[in-house]
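Report on the structure given below.
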Amino acid sequence: MAGKRHRGWRTFLTNKYLKDKENFFVEYDPEYPVKYAIFITEEEWVAFVAQRRDENFKKVSATNRERASNPTYAYKKGRLGYARLEEKILDETKSDATSLPPHVLWKEARVGKDGTVRDDVQHIYDECETLSQSISTAEDQENRSVLSRALNVPEYPGRVRGKGHGCTPTSLYKNPRRRNPSNQEVMETLQALQAQVLQLQKDNERYRCMEKCSSQLKETSEKASINCQNKFPEGISSCQLYLSSPTYRLVGKGKVHNTSGDLLHHRPLPDGHLKVSVDVVLDKDALLPIPDIVSETTFLRDAIGSFVAWPLDLIFIDDETPTKPASKYKGILRHNESVASQKEVFAQGSQQLSQKIGSRQKNKRDLPVTSLPKKGAFVPRYQISLETLVDSSDMATAGAIRLLDMEEDIFGYSCTETIGKEDLEHIFRHQELGVGVIHTYIRFLYDNFMRGNDQLSNRFRFVSSSLVNKALICREPDSCREYLVKRFMASSTNNLYLWPYNSGCHWLLLAIDPLKEVVYFLNSIDGEWTNYPDMKQLVDTSIKVFRSQRQARVPRTKSSNITWIKVQCPLQRNGIDCGYFVMRFMREIINMNQIEIPITYFDEYKCAHYTRLQLEQIKEELCQYFIEKRLII
C-alpha cells in the first residue's frame with residue numbers, strides 16, 4: 001500500500017509541474033514546489049525532474065500506457081477487485097474453501113455481465129487446468145504459477161498473478177523465507193526431541209507392562225473354572241473393580257452384567273471374564289485388563305460410560321451398606337432453599353422416618369444419642385426417608401434398578417435413564433456421582449424450574465453426558481459433533497446450553513452460547529480448558545459447523561476466534577465433590593436467568609468454596625424428587 005501511494009505521489013508531481021494542459025512535457029525548468037518542501041528536498045527535486053525528462057523513461061512510460069489502455073484479457077468487474085470477487089464467489093457457492101486457485105479467479109474476473117466467456121480466456125483456463133495436473137505444488141511456488149505459464153509472461157517477485165493487490169507468494173502458500181535458527185531455537189528443538197525420546201521410553205515400558213498383565217490374566221483365565229460365574233447374581237449388579245498388577249488395589253466402580261450369551265462389541269467374551277460398565281474411576285493411571293481394540297482404549301479412565309471385559313477374580317459385588325457417619329445427620333438451615341415444600345411427603349415416609357430416628361436413639365451402637373439433631377435444627381429428612389424406602393423395597397437387593405423417562409425437550413431426544421441402588425448409595429454416603437444422578441438432577445431442574453416457564457425453557461438447554469463424554473469423543477468424534485450441531489440448530493434465539501462433562505474421573509460444566517460463539521468454562525478444581533484438548537476441539541468444530549449450516553457471515557479476522565471464558569467459580573477442597581458442584585452450578589445459572597455468566601461468577605452466589613450444607617441442599621432436592629416421583633415404591 002505504501003508503494004502504491006508513493007507512485008501516485010510521483011505521478012501527481014509530474015502532471016502538475018512537468019506537463020502542460022495538453023499533457024506534454026514543458027521545455028522550461030519547473031520551479032521547486034516549496035509547498036511540499038517537507039516531502040522532497042531541492043536536490044531530490046532536480047534528480048526527479050531529470051529522471052522524468054529522460055528519453056528512456058518516456059519510452060517505457062508510453063509503452064506501459066498504451067498496453068494498459070488496450071489489455072489482451074480485459075478485467076470486467078469494475079471496482080469490485082479480486083479479494084471481494086473471491087469472497088462473493090465463495091458465498092454464492094456456499095463452499096467450505098477459504099480461497100480459489102488463481103486461474104479460476106482470473107477467469108471469473110473476465111466474464112462480462114451477460115455471462116459469456118471469450119474463447120481466448122477459456123483457452124487459457126483450460127491450459128491452466130491441464131498444467132495444474134502435471135506441475136507439483138513445490139514447483140508451482142518456487143518458479144512460476146500455472147497462470148503465468150499459460151499466459152507465457154514472467155512472474156514478478158512479491159506478487160501472485162490473478163490474486164489481486166497485496167497478495168504475495170508467502171501469504172498465499174504459507175511458505176515463509178527460510179533462515180538459520182538461532183542458538184535458543186536449536187536448544188529448544190533439542191529439548192523437545194529429548195522429551196519425545198523420554199515419552200517413547202515411557203510408552204514402551206507401559207506397553208511391556210500391558211503385555212505382562214495380559215499374559216498374567218490369560219493364565220488366570222485358563223485356571224479359572226467356567227462355573228465361577230455362578231458366584232455372581234444374574235442380571236445387573238453394582239461392583240468394585242480391582243487390578244492385581246503391579247499391586248493389588250481398587251481402581252474403579254461400575255456394574256457387572258451377568259447374562260447368558262452376552263456379547264462385548266458384537267464379540268464373545270474371553271473365558272474367565274464378564275462384561276462390566278465403568279461408572280467411577282479411582283485410579284486415573286489404571287490400565288484396562290484387556291485393551292479395547294475397537295475403540296483403541298487402554299486406560300480405564302477413557303472407558304467411563306462404556307463396556308469392557310474384566311476378570312472374574314477381580315470383580316467384587318458391592319452389596320455392603322457401611323454405617324453412616326454421625327455428622328451425616330447434623331441439621332442444615334432451610335433459608336434460601338428451593339425445595340418445593342418442607343412438609344412430609346406422605347404419611348408412610350413420615351412414620352418410617354420417626355421409627356428410624358427412634359430406633360437409632362435406642363440403639364447406641366448405631367448412632368450415639370449425643371449426635372442427634374438439636375431441637376429446632378433441620379434434619380435431612382428426605383435423605384433419611386428415601387433411605388428408609390430403599391431398605392424396605394426391592395431396591396435393597398443387588399441388581400435392582402429404576403427407570404426414569406427423559407423427555408425429548410430435555411436432551412433433544414427421548415431416552416430412559418437407569419437408576420441403581422449404588423447411585424442412591426453414592427448420594428447417601430456422599431461419594432463420587434455417576435451420570436445417572438447428574439441426569440436425574442437435570443430432570444428435576446426441568447420439571448421444577450423450566451416446565452411451563454417459556455422464558456426459561458427457551459433460554460436454557462441441556463447436553464446429554466451419555467452421548468458426549470471423554471470415551472465417546474475419542475471413539476466416535478463424528479457422532480458427538482453431529483449431536484452437538486443438531487442440538488444447537490434446535491433454536492433460532494440465543495440459548496445457553498449446559499453440558500456436564502466427565503473427563504474420565506472428574507465432572508466440570510460447560511455453558512455454551514453457540515450464536516455468540518462463547519463458551520463458559522466452570523471447573524471446580526481450578527484447571528484450564530487446555531487440559532482437555534479433545535473436548536475443546538469438539539466444541540470449536542461443532543460451533544464452526546453450526547455457523548456454516550446457519551450461513552452466518554463472520555469477518556475473516558474472527559472466523560477462527562471462538563471465545564472461551566474461565567469463570568472464577570467456587571472451588572472444591574477434596575476429590576469427591578465435583579459432581580455436586582456441577583449440579584449446583586446449573587441450578588444457580590438457571591435461577592439467575594442470565595445468558596451471560598460474569599467472569600467472577602454471580603454476586604449472589606460468589607464464594608471461595610461451597611460449604612457442606614450448601615451441597616446437602618442439592619442432595620435434599622434430589623431425594624425429595626425421588627420420593628415425589630415415587631421412583632422407589
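Everything numeric here is computed off the predicted structure, so don't read it as measured data.
Between the CG atom in Asp513 and the CD1 atom in Ile562 there is a gap of 12.0 Å [rounded to 0.5 Å]. Rounded to the nearest 0.5 angstrom, Ile543 CD1 and Ile512 CD1 are separated by 6.0 Å. To the nearest 0.5 Å, the span separating SG on Cys578 from CD on Glu432 amounts to 7.5 Å. Interatomic distance, Leu508 CG to Asn531 CG, rounded to the nearest 0.5 Å: 10.0 Å. The distance from atom CD of Gln614 to atom SG of Cys607, rounded to the nearest 0.5 Å, is 5.0 Å. Taken from OH in Tyr601 to NZ in Lys606, the straight-line distance is 11.5 Å, to the nearest 0.5 Å.
In summary, Asp540 and Lys544 do not engage in a salt bridge, as defined by a charged side-chain N under 4.0 Å from a carboxylate O. A salt bridge links Glu596 with Lys516: at least one charged nitrogen is closer than 4.0 Å to a carboxylate oxygen. For the pair Lys284 and Asp302, the salt-bridge criterion is not met [side-chain N within less than 4.0 Å of a carboxylate O]. Taking the charged nitrogens against the carboxylate oxygens, Glu588 and Arg584 do have a contact shorter than 4.0 Å, which makes a salt bridge.
Contact record, Ile576 with Gln431: CG2-C, 3.7 Å, taken as the closest heavy-atom pair. Closest heavy-atom contact between Leu433 and Gly579: CD1-C, 4.0 Å. Nearest heavy atoms, Ala309 versus Leu269: CB-CD2, 4.2 Å. Annotation for Ser542 and Val485: closest pair O-CG2, 3.6 Å, computed over non-hydrogen atoms. Contact detail for Leu472 and Asn469: the closest heavy-atom pair is N-OD1, 2.9 Å. Here the closest non-hydrogen pair linking Tyr520 and Ile595 is CE1-O, 3.8 Å.
For the pair Lys275 and Phe307, the distance from NZ or CZ to the six-membered ring centre is under 6.0 Å and the angle to the ring normal is within 45 degrees.
Here the side chains of Ile589 and Leu498 are in contact, with some heavy-atom distance below 4.5 Å. Side-chain contact between Leu287 and Phe299: present, with at least one pair of heavy atoms (C-beta onward) separated by less than 4.5 Å. Contact check for Met489 versus Gln549: side-chain heavy atoms found under the 4.5 Å cut-off. In this structure, the side chains of Leu496 and Ile597 come closer than 4.5 Å at one or more pairs of heavy atoms. Looking at Leu288 and Thr298, their side chains never come closer than 4.5 Å, going by heavy atoms from C-beta outward. Looking at Tyr483 and Asp478, their side chains never come closer than 4.5 Å, going by heavy atoms from C-beta outward. In this structure, Val256 and Ile236 have side chains that are not in contact, with every pair of non-hydrogen atoms separated by 4.5 Å or more. With contacts defined as side-chain heavy-atom distances shorter than 4.5 Å, the pair Val308/Val278 qualifies.
Taking the six-membered ring where tryptophan is involved, the planes of Tyr501 and Tyr532 are perpendicular, since the angle between them exceeds 60° and thus also 30°. Taking the six-membered ring where the residue is Trp, His430 and Tyr580 present parallel rings, their angle staying beneath 30° rather than reaching 60°. Taking the six-membered ring for Trp and thresholds of 30 and 60 degrees, Phe581 and Tyr610 have ring planes inclined between 30 and 60 degrees apart. The aromatic rings of Phe411 and Phe462 stand perpendicular to each other, their planes meeting at an angle above 60°, with 30° marking the opposite boundary.
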* To do: Check the pair Lys566 / Asn523 against side chain to side chain contact (heavy atoms under 4.5 Å, CB included), numbers first and verdict last.
  => CA-CA 8 Å; Lys566 180 183 177 182; Asn523 191 354; over 6 Å; no

* Asked: Would His426 and Asp279 count as a side chain to side chain donor-acceptor pair (under 3.5 Å) if you check the C-alpha gap in whole Å, the side-chain angles of each, and the deciding distance to 0.1 Å?
  -> CA-CA 11 Å; His426 292 163; Asp279 295 334; over 6 Å; no

* To do: Before giving the answer on side chain to side chain donor-acceptor pair (under 3.5 Å), spell out for Ser464 and Tyr413 the whole-Å C-alpha distance, their side-chain angles and the decisive distance to 0.1 Å.
  => CA-CA 9 Å; Ser464 172; Tyr413 68 101; 3.1 Å; yes

* To do: Report the C-alpha separation of Leu312 and Leu274 in whole Å, then their side-chain angles, then the decisive distance to 0.1 Å, and conclude whether the side chain to side chain contact (heavy atoms under 4.5 Å, CB included) test is met.
  => CA-CA 6 Å; Leu312 291 168; Leu274 281 178; 3.2 Å; yes

* Kindly indicate, with the supporting measurements, whether the criterion side chain to side chain contact (heavy atoms under 4.5 Å, CB included) is fulfilled by Val545 and Leu484. => CA-CA 10 Å; Val545 174; Leu484 283 180; over 6 Å; no

* To do: Please test Glu517 against Arg547 for salt bridge (Lys or Arg N to Asp or Glu O under 4.0 Å), starting from the C-alpha separation and ending with a verdict.
  => CA-CA 9 Å; Glu517 300 188 353; Arg547 176 203 303 163; 2.8 Å; yes

* Yes or no on side chain to side chain contact (heavy atoms under 4.5 Å, CB included) for Leu243 and Arg249, after CA distance, side-chain angles and deciding distance? -> CA-CA 6 Å; Leu243 286 179; Arg249 66 200 188 280; 3.9 Å; yes

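A donor-acceptor pair under 3.5 Å is formed between the side chain of Trp310 and the backbone N or O of Tyr242. The main-chain N or O of Pro500 is found under 3.5 Å from a side-chain atom of Ser465 such that the two form a donor-acceptor pair. Although no hydrogens or angles enter the test, the distance criterion places no donor-acceptor pair under 3.5 Å between the side chain of Thr541 and the main chain of Leu538. Listed for the Tyr497 side chain is a donor-acceptor partner under 3.5 Å among the backbone atoms of Arg487. Side-chain atoms of Gln537 do not come within 3.5 Å of backbone N or O of Asp534 as any donor-acceptor pair. In this structure, Glu185 contributes its side chain and Ser182 its backbone to a donor-acceptor pair below 3.5 Å. Lys255 places no side-chain N or O within 3.5 Å of a backbone atom of Ser238 that could act as its donor or acceptor partner. Of the possible polar contacts, one joining the Gln572 side chain to the Asn574 backbone as a donor-acceptor pair under 3.5 Å is found. Under a 3.5 Å cut-off, the side chain of His273 and the backbone N or O of Asp271 do form a donor-acceptor pair. A donor-acceptor pair is defined here as one N or O able to donate and one able to accept, closer than 3.5 Å; no such pair exists between the side chain of His257 and the backbone of Val276.
Within a 6.0 Å sphere centred on CG of Leu193, other residues, nucleotides and ligands contribute more than 12 heavy atoms.
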